[in-house]
Amino acid sequence: MKRISIIGSTGSIGITTLGVIDKFPGEFSVVGLSAHSNADLLIAQALKYHPKIVAVGDKNKYAAVRSALPKSIDVTAGRDGIEAVATFEETDLLVSAIVGFAGLYPTLAAVKKGINIALANKESLVVAGELIIRTAREKNVQIYPLDSEHNAIFQCLNGQKNTWVKRLHLTASGGPFLHFENDTFAAVTVQQALAHPNWNMGKKISIDSATLMNKGLEVIEAQWLFGIELRNIEVIIHPESIIHSMVEFVDGSYLAQMNIPDMSIPIQYILTYPERRNGFTQHAIDFTQLGKLRFLRPDMIKFPCLKLAYYAAEQGKTMPAVLNAANECAVELFLNGKISFVDIPKIIEHVMSRHTVQPSLDYSILEDVDSWARQCVKQKV
Ligand code: NDP
Ligand code: MG
């Protein structure tokens with residue numbers, strides 16, 4: 001039995017991961033689960049899967065979770081509790097599915113402990129790619145990508161040599177505003193921004209997909225995961241979300257990975273890796289129904305967040321951490337109705353313009369930079 005822990009088990013990726021595990025009775029055991037504040041769902045998951053350890057980030061929810069679960073389950077809370085789940089020694093694979101910077105410290109702690117990671121929390125690589133990849137090498141830890149684009153590239157690279165790779169082509173759906181005119185952006189609502197045409201995801205990544213910041217974060221994520229230079233990573237809009245990314249090889253061949261847009265496919269690939277197992281029956285693609293697949297160049301004027309992410313990636317060091325923190329705050333402000341959609345890139349640009357980059361090899365520096373950038377957003381707003 002492969003022993004799985006999930007941090008962020010009550011989110012979109014966490015729930016989908018448990019759905020994949022349900023398909024293979026007797027093959028996986030869930031040993032650790034964590035949530036932030038959704039105690040009801042965390043309790044229901046723990047009663048169903050009987051993990052050995054559970055953590056609730058919000059300490060106010062500890063008593064409720066503790067009293068609902070049998071004594072055989074270790075219940076912890078707060079930051080230390082989440083770290084305890086992430087580093088639980090009986091884990092073969094940790095699914096890192098917390099959203100945002102909050103996913104970094106437990107993911108890093110698990111890597112330091114030598115636990116292999118199935119990574120959804122892209123923000124941790126954006127903020128601390130150098131630190132995580134270096135630590136993973138030292139500890140001989142595998143980082144398996146769950147993010148669909150990186151998972152596609154991982155599949156395409158199977159059996160290939162690094163020196164054969166010329167470029168990576170990351171596909172992007174373009175989000176709900178692909179065909180909106182620039183002058184309508186100021187008036188778009190939270191509901192419109194959350195309505196992704198192809199994927200059903202958590203709120204933060206849905207807004208990131210609408211601004212194209214998600215693709216910018218994924219460019220940085222790809223840099224670290226595949227050790228490839230920024231100039232060799234292309235972003236291409238592909239509204240159908242059937243091709244999840246492509247690898248271009250030195251001989252002129254391209255490999256692309258395709259599936260219908262459903263996160264259970266990349267998640268299952270990693271859970272059963274290196275095996276392939278039967279999927280859900282509804283996953284077949286009817287190519288005749290699809291008709292055609294389209295590809296467009298991204299419009300960086302319409303979607304300045306993508307340009308900001310490229311700029312942060314070029315600057316490197318602590319700049320991606322600033323980009324990430326400013327973006328997390330701006331997205332939250334937008335979701336709470338405090339700023340408009342067009343303010344998101346303006347705020348991020350303002351915070352980045354005030355930052356002087358420093359080396360980013362130390363977690364405490366990254367934490368300080370993250371706090372500084374959040375403070376800077378507050379002052380600006
Ligand atoms: P959700 O918002 O749906 O879920 C987030 C999870 O993290 C929840 O379990 C939540 O707990 C927990 N959480 C939130 N804040 C904290 C915190 N401060 N401390 C501890 N736990 C916290 O997000 P998604 O599942 O959509 O995304 C998770 C990650 O995966 C993101 O990094 C995203 O970019 C990435 N990803 C997601 C994809 C998707 O299809 N959803 C696709 C590719 C990547 P609670 O429920 O209690 O609030
Ligand atoms: Mg993705």
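For ligands, and for the atoms within them, numbers begin at 1 and follow the listed sequence.
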* Between N151, V99, L119, flag the one that comes closest to atom 23 (O) of ligand 1 by a heavy atom. => V99
* State if A120 counts as touching ligand 1 under the rule of any non-hydrogen atom under 4.0 Å. => yes
* Test of proximity, A35 against ligand 1: N or O pairs below 3.5 Å -> no
* Asked: Centres of the F177 and F341 rings: under 6.0 Å?
  -> yes
* With a 4.0 Å cut-off, would you call R134 and E130 a salt bridge? -> no
* Under 4.0 Å from ligand 1, counting heavy atoms only, is it the side chain of K204, its backbone, both or neither? -> neither
* Asked: Can you name the one residue among V20, V31, I21 that meets side chain to side chain contact (heavy atoms under 4.5 Å, CB included) with I4?
  -> I21
* Salt bridge between E27 and R277, side-chain N to carboxylate O under 4.0 Å? -> yes
* Residue and atom name of the nearest protein heavy atom (relative to atom 18 (N) of ligand 1), distance in Å to one decimal -> A102 CB, 3.3 Å
* Asked: So which protein heavy atom does atom 25 (O) of ligand 1 come closest to, and at what separation?
  -> I13 N, 2.9 Å
* To do: Name whichever N, O or S atom of D147 ends up nearest to the Mg ion (ligand 2).
  => OD1
* Asked: Within 45° of the six-membered ring axis of F185 and under 6.0 Å from that ring's centre, is NZ or CZ of K302 located there?
  -> no
* **Carboxylate-amine/guanidinium proximity below 4.0 Å for E367 and R79** => yes
* Determine, considering heavy atoms only, which of M201, H150, H36 sits nearest to atom 22 (C) of ligand 1. => H36
* Asked: Among G57, S37, S124, S206, whose heavy atom sits nearest atom 47 (O) of ligand 1?
  -> S37
* Structure fact -> Heavy-atom nearest pair, T91 first then L93, reads CG2-O, 3.3 Å
* To do: Could you establish whether M263 and ligand 1 come within less than 4.0 Å of each other, counting only heavy atoms on the residue side?
  => yes
* **Salt-bridge criterion met for K112 and E83 (N-O under 4.0 Å)** => no
* To do: Decide whether an N or O pair under 3.5 Å exists between N200 and ligand 1.
  => no
* Can you pull out the closest protein heavy atom to atom 43 (C) of ligand 1? Residue, atom name and distance to 0.1 Å, please. => D147 OD1, 3.2 Å
* Aromatic ring proximity, centroids under 6.0 angstrom, Y105 and Y363 -> no
* Give the name of the N/O/S atom in E218 that lies closest to the Mg ion (ligand 2). => OE2
* Return the name of the atom in E149, of element N, O or S, nearest to the Mg ion (ligand 2). => OE1
* To do: Check whether any heavy atom of G14 sits under 4.0 Å from an atom of ligand 1.
  => no
* Structure fact -> With heavy atoms and a 4.0 Å threshold, my read on which part of I82 contacts ligand 1 is side chain
* Just checking, is any N or O donor in the side chain of T318 or H355 under 3.5 Å from an acceptor N or O on the other one? -> yes
* Asked: Any Lys/Arg nitrogen of K48 or D22 sitting under 4.0 Å from an Asp/Glu carboxylate oxygen of the other?
  -> yes
* ligand 1-proximal atoms of I205, by part, heavy-atom distance under 4.0 Å -> side chain
* Taking both backbone and side-chain atoms of S12, is any N or O found less than 3.5 Å from an N or O belonging to ligand 1? -> yes
